[in-house]
Amino acid sequence: MVRARFAPSPTGYLHIGSARTFIFNWLYVRKRQGTMVLRIDDTDVDRNTEASLQSIYDGLNWLALKWDELYRQSERLELHRQLAFRLLENGLAYRDFTPAIADPEEKAHGDGPWLCHPEMRALSKEESDRRAAAGEPFVIRYRVCREPAYEVNFTDEVYGPQTKLTADIEDFALLRSNGMPTYHLASCADDIDLKISHVIRGQDHLSNTFKHILIFQGAQAPLPRFAHLPLLIAPDGSKLSKRKHGPVVSVTTYRDYGFLPIAYINFLCLLGWSPKDNREHMTLYELMNAFSLEGVHRSNAVVNFSETDPIDPKALWLNSQHLRTMPVNALAPLVKKTLEEHGLAPYGDEAFFEHVVDTIRTRFSTLLDFASKGRAYFSDDYPIEPQALEKLNAPGARELLHELADRIASRAEFTEASVEADLRKLAEERGVKAGVLINASRAALTGQPVGPSAFAVFVCIGRERVIERLRKV
RNA sequence: GGCGCUAUCGUCUAACGGUUAGGACGGAGCCCUCUCAAGGCUCAAAUAGGGGUUCGAUUCCCCUUAGCGCUACCA
């Protein structure tokens, strides 16, 4: 039974790299009919916020990929502490009474690797118990094996065989002096308790995995399979950060930009993974069937945004592909919602709305386009663009449009064919090129110089409004 | 500094020792056409550098370089 988890910490918005990790976990699990666990890793009480948690839910809900079980680490602290003290009892961990170093830089850039405080490691059980009983604050550290050539091994599903000497692993903290578990402890304790079978996460945890294996071993728990994912990075090669790169790192940005969830999922999947058969535009079902850890890359992938454009052009392209190929009845509700957010509403019934959406979607690339470029299809209040005005100002154009309105009004039939017949006949009678009248019609009906075939536009605008708009110019 | 990971067109990627190094986005051009898209076709564009191994290296090994990650009582 496959059980995978996505474990975000609520210290910010939902990062696009995190979203991709969630998606990969989800695809992996769903293909195998396994269980998707969402675990909120909120053991850092100082940095967690409810707003952040909410934005993570917002992002995940937008993607519309469901999880099966939900946990919050803050509700499972007893479990984490139990493991820490069990390791302490077993002698696999020890109390360290050394005060915390305030400045992390100091330790990181100190000379030589920091491994442990030998005095603390050597403290007798009695002495350790006595000082703890006396109320002296301590942190519990893992007692990493100091045998000369002892190594930890595992095979990563993506990166292959991994080895590290314990001599290069420091005595990392398990339990903080405030009684809260560290990430390593809480994560492993929960992975064990929740019977996680596959740990699929960012490559930034690849080297942490050695520590995690030590914890699993200390707890005498079976190891899950590990798979690490290459990171998503900025065009300059640096890691994506809110501070440096702004909104491009948050999934809600893409939602607000008018992306379809499936298109964005598709885009994210193509960063660091490939189906290896040249397919790019894929449905969720196709992604699910095609996804495998073997297809995951080992090198980081650049999200190709720029100062002037926050959107990767490929993401936009994929969105336009999905926009024009997905079933109209699946797209229509999303368009309707977008219209409502802009104070617009469809004319006519559902079938008519779907016809309009189907007609105009081929030249749109985001949902927002329906409310902007497509405004005239959903409102009588639309701007006339300068280039459209030029078409209307063509000699005799207005008079012809008025006359066309009369002819359309005088006959009951209103189809692309009937309108085309009326228009071409009128053009011929007046000795003007049909194209002039066609372009003027589009300009009058939509306020735009560009758009779908003009005759299709007539039908999409609707008979009454067509007559009204043609007479108004 | 220590340890680890990575390296194919601008970007995402394919090629599990033998290909004119393929596809996609983006760019340029052509076709189609009532406009604009879409679509079709064409072009430009890459194996980081140096050593090996091999009849033959994008592919395997080593070194260099570069980037990234970990090195916190953050996750």
Side-chain angles (χ1 to χ4, degrees), chain A residues 7-9 11 41-44 46-47 96 98-115 137-141 156 159 162-165 167-170 172-184 186-187 202-211 228 230-231 233 235-239 267 270-281 294 297-305 312-318 320 324 360 362-365 373 387-388 391 420 423 433-443 448-455:
Chain A
S9 62
T11 55
D41 280 11
D42 54 354
T43 57
D44 186 352
D46 295 332
R47 299 202 306 155
D96 182 348
T98 315
I101 294 174
D103 180 16
E105 300 290 310
E106 191 182 323
K107 188 182 274 186
H109 299 289
D111 38 1
W114 181 91
L115 286 175
F138 60 86
V139 51
I140 293 183
R141 292 186 181 282
D156 189 90
Y159 287 88
Q162 304 292 317
T163 301
K164 191 162 191 162
L165 257 19
D168 291 318
I169 303 174
E170 74 281 6
F172 54 96
L174 298 171
L175 201 66
R176 293 182 257 232
S177 56
N178 65 1
M180 291 294 283
T182 63
Y183 162 73
H184 301 302
S187 176
Q203 190 241 49
D204 47 343
H205 287 301
L206 187 59
S207 25
N208 285 332
T209 305
F210 297 101
K211 294 173 191 168
H228 288 87
L231 269 21
I233 56 177
D236 67 358
S238 66
K239 111 181 194 183
F267 168 68
L270 261 19
L271 294 174
W273 171 79
S274 162
K276 296 184 187 288
D277 56 10
N278 281 344
R279 273 186 299 170
E280 302 212 281
H281 169 202
E294 292 76 56
H297 254 225
R298 286 184 286 277
S299 51
N300 295 343
V302 171
V303 179
N304 198 16
F305 60 86
D312 189 316
K314 194 147 197 171
L316 207 54
W317 174 75
L318 274 170
S320 63
R324 54 180 140 262
I360 62 183
T362 59
R363 55 213 80 208
F364 290 169
S365 54
K373 295 179 189 172
Q387 284 167 303
K391 311 254 185 201
E420 179 162 9
L423 186 146
K433 284 200 290 186
V436 174
L437 191 48
I438 286 171
N439 289 331
S441 299
R442 185 188 294 104
Q448 296 171 341
V450 302
S453 161
F455 306 117

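In what follows, chains carry the letters A, B, and so on, assigned in the order in which the sequence lines appear, proteins first and then strands, with residues in each chain numbered from 1. Predicted model, so just to flag it, every value in this text is computed and none were measured.
Remark: C1' of B:A75 and CG of A:Leu231 are 13 Å apart, rounded to the nearest angstrom. In this structure, CG of A:Asp236 is placed 8 Å from P of B:C68, rounded to the nearest angstrom. Rounded to an integer number of Å, the gap from A:Gln448 CD to B:C34 C1' is 16 Å. Atom NZ of A:Lys239 and atom P of B:A75 are 14 Å apart (whole Å). Summarising the geometry, the separation between CG on A:Asn278 and C1' on B:G23 is reported as 4 Å, rounded to the nearest angstrom. Straight-line distance from the CG atom of A:Asp277 to the P atom of B:C12: 19 Å, rounded to whole Å.
Nucleotides B:U58 and B:C16 have their P atoms positioned 14 Å apart, rounded to a whole Å. Here the separation of B:U64 from B:C5, taken at their P atoms, is 15 Å to the nearest Å. Separation of the C1' atoms belonging to B:C3 and B:C73 is 22 Å when rounded to the nearest angstrom. Comparing B:U6 with B:A48, their P atoms are spaced 15 Å from each other, to the whole Å. Rounded to whole Å, the separation between the P atoms of B:C63 and B:A7 comes to 16 Å. Rounded to whole Å, the C1' atom of B:A45 lies 15 Å from the corresponding atom of B:G29. Spacing of P atoms, B:A57 relative to B:U20, comes out at 15 Å, to the nearest Å. With both ends at atom C1', the span from B:A46 to B:C9 equals 4 Å, rounded to whole Å.
Among the protein residues, A:Ala454 comes within range of the nucleic acid bases, having at least one heavy atom under 4.0 Å from a base atom. When heavy atoms are screened at a 4.0 angstrom cut-off, A:Gly202 is found touching no nucleic acid atom at all. Within the nucleic acid shown, A:Pro99 comes within 4.0 Å of at least one base atom, counting heavy atoms only. Using a 4.0 Å heavy-atom distance criterion, A:His297 is classed as a sugar-phosphate-only contact. Across all strands, A:Arg279 comes closer than 4.0 Å to no nucleic acid atom at all (heavy-atom distances). Within the 4.0 angstrom heavy-atom criterion, no nucleotide atom of any strand lies near A:Lys433. Using a 4.0 Å heavy-atom distance criterion, A:Gln162 is classed as a sugar-phosphate-only contact. Using a 4.0 Å heavy-atom criterion, one finds that A:Pro313 contacts the sugar-phosphate atoms exclusively. Nucleic acid contact class of A:Phe364 (heavy atoms, under 4.0 Å, all strands): none. Among the heavy atoms of the strands lying under 4.0 Å from A:Asn300 are primed sugar atoms or P, OP1, OP2 only; no base atom is included. Counting any heavy atom pair closer than 4.0 Å across all strands shown, A:Ser453 reaches a base atom. Within the nucleic acid shown, A:Glu280 comes within 4.0 Å of at least one base atom, counting heavy atoms only. Using a 4.0 Å heavy-atom distance criterion, A:Gly451 is classed as a base contact. Residue A:Thr209 is out of contact with every strand shown, counting any heavy-atom pair closer than 4.0 Å.
Between A:Leu271 and the choices A:Asn304, A:Asn300, A:Val303, A:Val302, the side-chain contact (heavy atoms from CB on, under 4.5 Å) rule is met once, by A:Val303.
Salt-bridge formation is not detected for the pair A:Lys276/A:Glu294: no Lys NZ or Arg NE/NH1/NH2 atom is positioned less than 4.0 Å from an Asp or Glu carboxylate oxygen. A salt bridge between A:Lys314 and A:Glu280 is present, with a side-chain N of the basic residue lying under 4.0 Å from a carboxylate O of the acidic one.
In terms of polar N and O atoms assigned as donor or acceptor, the side chain of A:Lys314 comes within less than 3.5 Å of the base of B:C12 in a complementary pairing. Donor-acceptor pairing under 3.5 Å, judged by distance alone, is absent between the side chain of A:Thr182 and the base of B:C73. On a pure distance criterion of 3.5 Å, no polar donor-acceptor pair joins the side chain of A:Arg442 and the base of B:C36. For A:Ser177 against B:C73, a side-chain N or O and a base N or O form a donor-acceptor pair under 3.5 Å.
Minimum heavy-atom separation, A:Ala454 to A:Ile438: CB-CG2, 3.5 Å.
Dashed line: the shortest gap from a side-chain N or O of A:Arg298 to OP1 or OP2 of B:U6 is under 4.0 Å. Distances shown here put a side-chain N or O of A:Lys276 below 4.0 Å from the OP1 or OP2 atom of B:A14.
The nucleotide B:U58 finds no pairing partner, because no Watson-Crick or G-U wobble arrangement with both distances shorter than 3.5 Å includes it. In a base pair of the Watson-Crick type (N1 to N3 plus N6-O4 or O6-N4) or a G-U wobble (N1-O2 and O6-N3), with each distance short of 3.5 Å, B:U35 is matched with no nucleotide. With a cut-off of 3.5 Å on both pairing distances, the Watson-Crick or G-U wobble partner of B:C43 is B:G27. Searching all strands for a Watson-Crick or G-U wobble partner of B:G4 with both distances below 3.5 Å returns B:C68.
Between the side chains of A:Ser187 and A:His205, no donor-acceptor pair is found at a separation under 3.5 Å.
A:Tyr159 contributes no side-chain N or O that, together with a main-chain N or O of A:His228, makes up a donor-acceptor pair within less than 3.5 Å. Without hydrogens or angle criteria, A:Gln448 side chain to A:Lys373 main chain gives a donor-acceptor distance under 3.5 Å.
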Please step through salt bridge (charged side-chain N to carboxylate O under 4.0 Å, His left out) for the pair A:Glu170 and A:Arg141, ending with a clear verdict.
CA-CA 9 Å; A:Glu170 74 281 6; A:Arg141 292 186 181 282; over 6 Å; no

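Comparing B:C3, B:A75, B:C73 against the side chain of A:His205 picks out B:A75 as the nearest.
Comparing A:Ile233 and A:Ile438 against RNA chain B, the residue whose closest nucleotide sits nearer the 5' end is A:Ile438.
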